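See structure below.
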There are 2 protein chains.
Amino acid sequence: MKRQKLTIGTLSRETGVNIETIRYYEKIGLLAAPERTEGGHRVYDSDGLKQLIFIRRCRGLGFSIEEILSLSDLVTAGTYTCEEVQSKTEVHLSDVRTKIKSLRKMEHALATLVKECEGGKTQDCAIVDTLFELRV
Amino acid sequence: MKRQKLTIGTLSRETGVNIETIRYYEKIGLLAAPERTEGGHRVYDSDGLKQLIFIRRCRGLGFSIEEILSLSDLVTAGTYTCEEVQSKTEVHLSDVRTKIKSLRKMEHALATLVKECEGGKTQDCAIVDTLFELRV
DNA sequence: CTACAATCTGTAGTCACTACAGGTTCAAGA
DNA sequence: TCTTGAACCTGTAGTGACTACAGATTGTAG
């Protein structure tokens, strides 16, 4: 098990997170500041890699930076319980479900508009009519 | 049919769009600049009301400002065809469907995590394990 | 030793608002 | 008419989660 040392470019390629974003995560305190070379270039080890993968995975699941910070604090402090983590995840899950519901409504409304519209060369358009109706 | 004159506050209450947002829409050229009183207060008529309702309705359907501008230009120029409007709406509908799909994936992943987690007082947590796995 | 790729910092831009600060105008009551 | 206070004005800065530079420095392969 040799210690791997990664430049920011390599880390970026390995994780698919782009360089500016990595630096941004460091700046806002989400990703731990790594060691530096004499010249000031960042040098990451496997802990940095692990942390960034965690962040990327959480983002992929739609967690906000704020939520990730709180999960991450919990975990790195080593004080978390399974219960707490589960509860934060459930809260987020219900947010996601709310968003899905609202998008479904939009989808339905849009699909109805498209269906009602004749799609011809005229200006007699059900979509325009509906969007401009004066009823509030 | 009497000409109605509305202050920005009344317009805001009628449409549910807040005052700052109305001024913002004007600034970015989405909403036509209304007449002013001698003292400089905005005075809207029924055209302004109609236009703002249209904007609000489009935003409610998830159209971006850019999309609304382009729809709105088409319509106010009077050069639109039903076909064009329908096609823009369809493009947007397919964006919405893409978003729904991606949120569904999130939902599934999160639900699985929550289910696998025991939720106890221990630190043996399936969620943490999964999020910290080193597999990229 | 040179060339050039990679990295550095810092700032500004994105989207669609929202939230002030500090000033002016309007409308209703005395 | 005067006064009060609500409503309005402009302009700027902040939000979230990045992205896109500019201009300088460092690292490395040939």
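These numbers come from a predicted model, not from an experiment. Below, read A as the first sequence line, B as the second, and so on, with proteins coming before strands; counting in each chain starts at 1.
Sorted by first and then second residue, the pairs that involve residues 24-42 of chain A and meet side-chain hydrogen bond (donor to acceptor under 3.5 Å, both in side chains), not counting sequence neighbours, are E26(A)-R42(A).
T10(B) is linked by a side-chain hydrogen bond (donor to acceptor under 3.5 Å, both in side chains) to T7(B), counting only residues two or more places apart in sequence or in another chain. Judged as a ring pair (Phe, Tyr, Trp, His ring centres under 6.0 Å), and not counting sequence neighbours, Y80(A) has no contacts. Take R104(B) and apply the side-chain hydrogen bond (donor to acceptor under 3.5 Å, both in side chains) test, not counting sequence neighbours, and it matches no residue.
The separation between E38(B) atom CD and dT25(C) atom C1' is 12 Å, rounded to whole Å. Going from atom OH of Y44(A) over to atom C1' of dT7(C) covers 11 Å, rounded to whole Å. Taking atom CD1 of I28(B) as the reference point, atom P of dT14(C) lies 12 Å away to the nearest angstrom. For the pair E35(A) CD and dT7(C) C1', the computed distance is 17 Å after rounding to whole Å. Spacing between atom NZ of K5(A) and atom P of dG27(D) amounts to 15 Å, rounded to whole angstrom units. Remark: P of dA5(C) and CZ of R13(A) are 14 Å apart, rounded to the nearest angstrom. Taking atom CD1 of I22(B) as the reference point, atom P of dA16(C) lies 18 Å away to the nearest angstrom.
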Contact string for nucleotides 9-24 of chain D, one letter per nucleotide 5' to 3', B = base within protein heavy-atom range under 4.0 Å, S = sugar-phosphate only, - = neither, reads SB-B----BBSB----
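The main-chain N or O of V75(B) is never found under 3.5 Å from a side-chain atom of T79(B) such that the two would form a donor-acceptor pair. In this structure a side-chain-to-backbone donor-acceptor pair under 3.5 Å is present from S12(B) to V17(B). Of the possible polar contacts, one joining the T112(A) side chain to the H108(A) backbone as a donor-acceptor pair under 3.5 Å is found. Counting only distance, with no hydrogens or angles, the side chain of D73(B) and the backbone of T76(B) share no donor-acceptor pair below 3.5 Å.
Between E67(A) and K88(A) no salt bridge is recorded (no basic side-chain N to carboxylate O distance below 4.0 Å).
The stretch residues 98-105 of chain B does not touch DNA chain D, since none of its heavy atoms comes less than 4.0 Å from the strand.
Of the side-chain N and O atoms in T7(B), none sit less than 4.0 angstrom from OP1 or OP2 of dC26(C).
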